Each structure stands twice: as C-alpha cells, then as structure tokens.
There are 2 protein chains.
Amino acid sequence: MKEGPDIAQIGALIGDPARANMLTALMGGKALTATELAAVGGITVQTASTHLAKLEAGHLLAQRKQGRHRYFTLADESVGKLLESIMGFAAGRGQLRHRPGPKEPALRKARICYDHLAGDYGVRMLDSLVARGAIDAVGDGLALTQAGESTLKCIGIDVHDLKSSRRPLCRSCLDWSERRAHLAGSLGKALLANFFEKGWARRTAGSRSVIFSPEGERQFLSLFPVEA
Amino acid sequence: MKEGPDIAQIGALIGDPARANMLTALMGGKALTATELAAVGGITVQTASTHLAKLEAGHLLAQRKQGRHRYFTLADESVGKLLESIMGFAAGRGQLRHRPGPKEPALRKARICYDHLAGDYGVRMLDSLVARGAIDAVGDGLALTQAGESTLKCIGIDVHDLKSSRRPLCRSCLDWSERRAHLAGSLGKALLANFFEKGWARRTAGSRSVIFSPEGERQFLSLFPVEA
DNA sequence: GCGATGCTTCGGTTACGATCGAAGTATGGA
DNA sequence: TCCATACTTCGATCGTAACCGAAGCATCGC
C-alpha cells in the first residue's frame with residue numbers, strides 16, 4: 001500500500017494558492033522578505049509567516065536572517081526545477097491561471113526561471129547555441145563543446161570557473177510557455193548574469209519578467225541569430 | 001501577481017493522501033477499477049469516486065468503461081513523468097513515507113515506473129546499454145545508436161516498429177530510489193514488455209514491484225553486465 | 001423479469017487548516 | 001532608554017473538503 005516517497009506532502013505544500021504564489025514569486029531568483037511574500041500571496045504577514053514556516057519545514061525554502069529582515073529563497077536548484085516542471089505540465093493541459101493577463105506577453109518573451117533565462121528568448125538562445133555547434137544536444141541532454149568554450153570566452157564567460165562548482169554546467173529545462181527546452185545549469189545562470197552586467201537587460205520589480213533595453217535587445221538578437 | 005500556469009491546482013490534487021496513494025498505485029501501469037483504488041487509498045468507494053472524478057477533471061486520469069467496471073489509468077506519459085519527478089524530489093529530501101516497509105527492498109530492486117523498468121535493475125540496464133555503446137548519453141539526453149539497433153534486434157525488439165509512434169524512443173527518467181537515470185520512452189516500455197513475454201519477470205498483485213524468476217534474473221544479469 | 005455487483009450522487013457530519021486580530025519577541029535607530 | 005519596524009506566536013473563527021451512510025443508476029448473469 002504505502003509505497004515510495006511521500007508525494008502527498010509536497011503536493012499539499014504546493015497546493016495552497018497563497019503558497020503557490022509565493023513559490024512562483026521566488027522563481028524570480030531574488031530573495032524576498034516575509035512582508036513582500038505576504039503581498040504576492042495576498043495575505044497578511046501573520047498568515048504568511050505560518051505558510052513560510054511550513055514551506056521551510058518541508059525543505060522547499062531556505063531563509064537567511066539579515067538584521068531585522070528575513071530573506072527567503074528557494075531551498076536549492078532542484079526546487080526551481082520541480083516547480084518549472086509542474087508549470088510545464090499545467091501549461092500543457094491549458095490550465096493557465098485565468099485568462100492571459102496584461103503581463104503575460106512580457107513573461108512569455110523573457111523571464112527568469114530561478115536563476116537563468118526562460119521564455120521565447122531563452123529558447124532562442126539555446127537553439128542558436130546548438131545550431132552553431134557550441135552545445136551538443138542529444139535528446140534532452142546538453143553538453144558544451146570545445147568550440148562552445150571559446151564562443152563563451154568571447155561573450156565574456158570563463159567556463160573554467162564554472163566547472164569547479166558541483167552544479168552541472170548545462171542542463172535543459174522545459175519552458176512552460178514555449179514547451180521547448182531552454183538552458184539551465186551554472187552556464188545558464190552565468191549567461192543571464194552576464195546580460196545584466198552588460199546592461200542589456202534588467203529584472204522588473206514585482207515580476208519574473210526580464211526587460212531588455214533597445215540596445216541590449218539588438219545585441220542579444222545579433223549574438224543569438226535564428227537560422228532562416 | 002498571478003503569473004504563469006496554475007501549479008496550486010495540481011498541487012492540491014496530488015496533495016491529498018488518498019489521491020496520492022491512488023496515483024502512486026497507478027504508476028504501476030495497470031488499469032485499476034474504482035473499487036481497487038478505494039482499497040489502496042484506504043477509503044470507501046463513495047469517497048474514492050469523488051476523488052477520481054476530481055482527478056479526471058484535472059486531466060490526471062483517464063477512464064475507460066468496460067461492462068460494469070470502470071478502469072482508471074494515468075492520463076498519459078507526462079503524468080507518470082511528473083509523479084516520478086516529484087517522487088525523486090521527495091526522496092532526495094529523505095521524506096520517505098514512514099520508515100522503510102517490508103516491501104521497500106523489492107521495490108528498490110525492480111519496479112514499474114508507469115510502463116518501464118525502474119529501480120536498481122532499471123538503472124543497471126541503462127548503464128550497461130550505455131557502456132556497450134548501444135545508447136549515447138549526453139547529460140540527461142539519450143539516443144539509440146546504430147549498434148544499439150542491432151543489439152536490440154538480438155534481444156527481440158524491432159526498433160523500426162517503435163519509431164513510427166510519436167512518442168520519443170529514448171527518454172531518461174530520474175529514479176527516486178537510485179537517484180540516477182533509467183530508461184523510459186517507448187524503448188523502455190518495449191524492453192519491459194519483452195521481459196514479461198519471455199517469462200523472465202512478472203508484476204506483483206497490489207504493488208509496483210517486479211519479481212524476477214531465478215532463471216530470468218540470471219538471463220537479465222548476463223544480458224546487462226556491469227563493468228568491474 | 002430479478003437479484004447481484006460496480007459505481008455514482010445526495011445529504012449531513014466532522015475535522016483540518018487557512019485566516020486574521022492581538023499580543024509577544026527581536027533588531028535597529030534615535 | 002524608548003519607539004519603530006520586521007516578524008512570530010497565540011487564540012479564536014470560519015470555510016472547505018474529506019468522509020461515510022443511504023439511496024439511485026447502470027450492467028451483468030440467470
């Protein structure tokens with residue numbers, strides 16, 4: 001009867017709308033305070049506090065005290081991956097939350113998926129890297145090629161630094177809006193960080209969407225062309 | 001605020017213990033009746049009926065009427081994949097349901113994951129296929145090689161038949177007990193079916209575990225050796 | 001037709017958990 | 001020291017959904 005891991009527990013954790021909203025907000029990768037999370041959940045701070053305690057007990061969140069603030073983040077990358085995969089599943093059944101809201105288009109174009117770029121632009125970037133032979137793709141798997149290493153060096157990313165981390169360099173992540181893979185892993189993170197540093201793009205205040213500057217957009221599109 | 005797909009809904013569906021048990025049971029790949037599912041959920045048929053209706057409305061289950069029986073299965077492969085990925089996540093946090101039960105060892109050795117082989121033996125099989133060059137593995141991705149096609153022909157599987165289906169041939173699936181990949185996709189399904197046909201193994205009554213016959217086990221182990 | 005079986009629907013109870021007001025604890029600044 | 005801010009804990013309320021008994025359909029075998 002009772003076989004295997006307890007999926008009901010984490011299902012229940014994600015199953016509450018307020019908690020789901022908070023988790024979704026944390027997919028933006030930024031650490032948020034309890035008060036901020038209460039706002040996105042549409043509840044009071046007291047209620048949020050109990051929710052956050054539960055999520056932390058379930059090891060979905062981690063918190064870091066800083067002065068009188070308490071910053072919450074997703075516990076680790078695996079949580080982000082889990083959430084994105086559930087989103088992909090939900091999107092596949094056409095269970096979008098209500099009707100597409102005003103921010104939907106921006107979200108579909110470019111957004112943060114935990115710590116890397118997702119949406120149309122994220123998919124485009126991976127496609128382009130694969131097309132030029134910088135990344136090998138077999139099925140779902142991704143691997144950086146020799147040629148890819150030098151390509152990235154030109155962009156300004158030293159792959160050698162990334163390789164020291166225990167986290168995999170390339171990972172594919174199913175994009176819920178595009179229903180295709182985009183690039184995750186430490187390389188995906190480094191690329192997004194690189195775009196922010198260069199001023200090509202910036203995060204928005206209360207949302208996961210990523211806004212490109214006109215110049216940044218031009219650069220990005222020419223750096224990652226799509227074959228005709 | 002309300003961004004992206006509705007993960008709370010499917011979280012809630014999975015979050016109820018009775019429903020989670022039923023879904024887990026259906027991971028065995030066999031279609032089960034409402035009465036059987038009520039038993040695994042530990043509830044009466046009436047209650048099970050309402051649960052099943054909800055799961056069906058949420059597109060997690062499909063049902064097929066056959067005489068006065070109603071057979072329920074997972075809606076499609078994506079549901080199985082989602083559940084296994086949640087199990088993998090839960091297992092990773094050490095949130096096994098209680099303490100390992102008596103059936104746990106058998107389950108870890110060999111079990112059905114929706115329609116293919118998982119557990120120690122499932123992981124071993126994939127490792128062996130990769131080691132002999134029958135399958136290419138890059139990151140998470142898997143692809144059958146030319147050499148692999150003939151290997152499978154010897155085993156008694158005509159890959160050409162499988163290729164006609166829209167479902168991908170090779171897919172990697174994260175094994176919650178081994179925390180490594182095993183082989184899913186139509187090829188994974190065909191291999192397990194092949195073992196059943198040959199009488200090497202059989203499913204058990206109320207469980208996901210797969211029991212090998214002594215002879216079948218010998219054959220299996222020699223067919224999929226592990227390098228020293 | 002009739003009873004038996006498998007399942008669903010209805011009605012009413014119950015329990016759990018989400019919620020918030022109010023009070024309590026910690027940190028920072030003045 | 002004193003107050004303001006950030007957050008948690010307590011206590012109580014309330015709503016929802018899980019649950020089961022009983023009744024209602026549907027299908028099978030006879």
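These numbers come from a predicted model, not from an experiment. Letters A, B, ... mirror the listed sequences (proteins, then strands); counts begin at 1.
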[X] has an atom [atom1]; how far is it from atom [atom2] of [N], in whole Å?
X       : N      : atom1 : atom2 : value
B:Leu37 : C:dT8  : CG    : P     : 10 Å
B:Leu32 : C:dG6  : CG    : P     : 15 Å
B:Leu55 : D:dA17 : CG    : C1'   : 14 Å
B:Glu56 : C:dT8  : CD    : P     : 9 Å
B:Lys65 : D:dA26 : NZ    : C1'   : 7 Å
A:Asn21 : C:dT19 : CG    : P     : 10 Å
A:His51 : C:dC16 : NE2   : P     : 18 Å
B:Met22 : D:dC19 : CE    : C1'   : 12 Å

For A:Lys163, enumerate each residue passing the salt bridge (Lys or Arg N to Asp or Glu O under 4.0 Å) test, keeping only those at least two apart in sequence or located in another chain. A:Glu149
For atom CZ of A:Arg180, is the number of surrounding heavy atoms from other residues, nucleotides or ligands below 6.0 Å larger than 12?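 Open: at most 12 neighbouring heavy atoms sit under 6.0 Å from CZ of A:Arg180.
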D:dC19 phosphate, OP1 or OP2, under 4.0 Å from B:Thr44 side-chain N/O: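 Answer is no, no contact under 4.0 Å.
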Are B:Tyr121 and B:Phe224 an aromatic pair, judged by ring center distance below 6.0 Å? no
Hey, are B:Lys81 and B:Glu84 close enough for a salt bridge, meaning a charged N less than 4.0 Å from a carboxylate O? no
Presence of salt bridge, B:Glu217 and B:Lys109, under 4.0 angstrom: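 So B:Lys109 pairs with B:Glu217 through a salt bridge.
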Audit row: B:Ile43, B:Met22, side chain to side chain contact (heavy atoms under 4.5 Å, CB included) steps and yes/no: CA-CA 11 Å; B:Ile43 48 180; B:Met22 297 196 249; 4.0 Å; yes
Show the distances under 3.5 angstrom between N or O atoms of the protein and N or O atoms of nucleotides 3-9 of chain D.
unit_1, atom_1, unit_2, atom_2, d
D:dT5, O4', A:Arg68, NH1, 3.1
D:dT5, O2, A:Arg68, NH1, 3.3
D:dA6, O3', A:Arg68, O, 3.3
D:dC7, OP1, A:Ala34, N, 3.4
D:dC7, OP1, A:Arg70, N, 3.3
D:dC7, OP2, A:Thr35, N, 3.2
D:dC7, OP2, A:Thr35, OG1, 2.0
D:dT8, OP2, A:Ser49, OG, 2.6
D:dT8, O5', A:Ser49, OG, 3.1

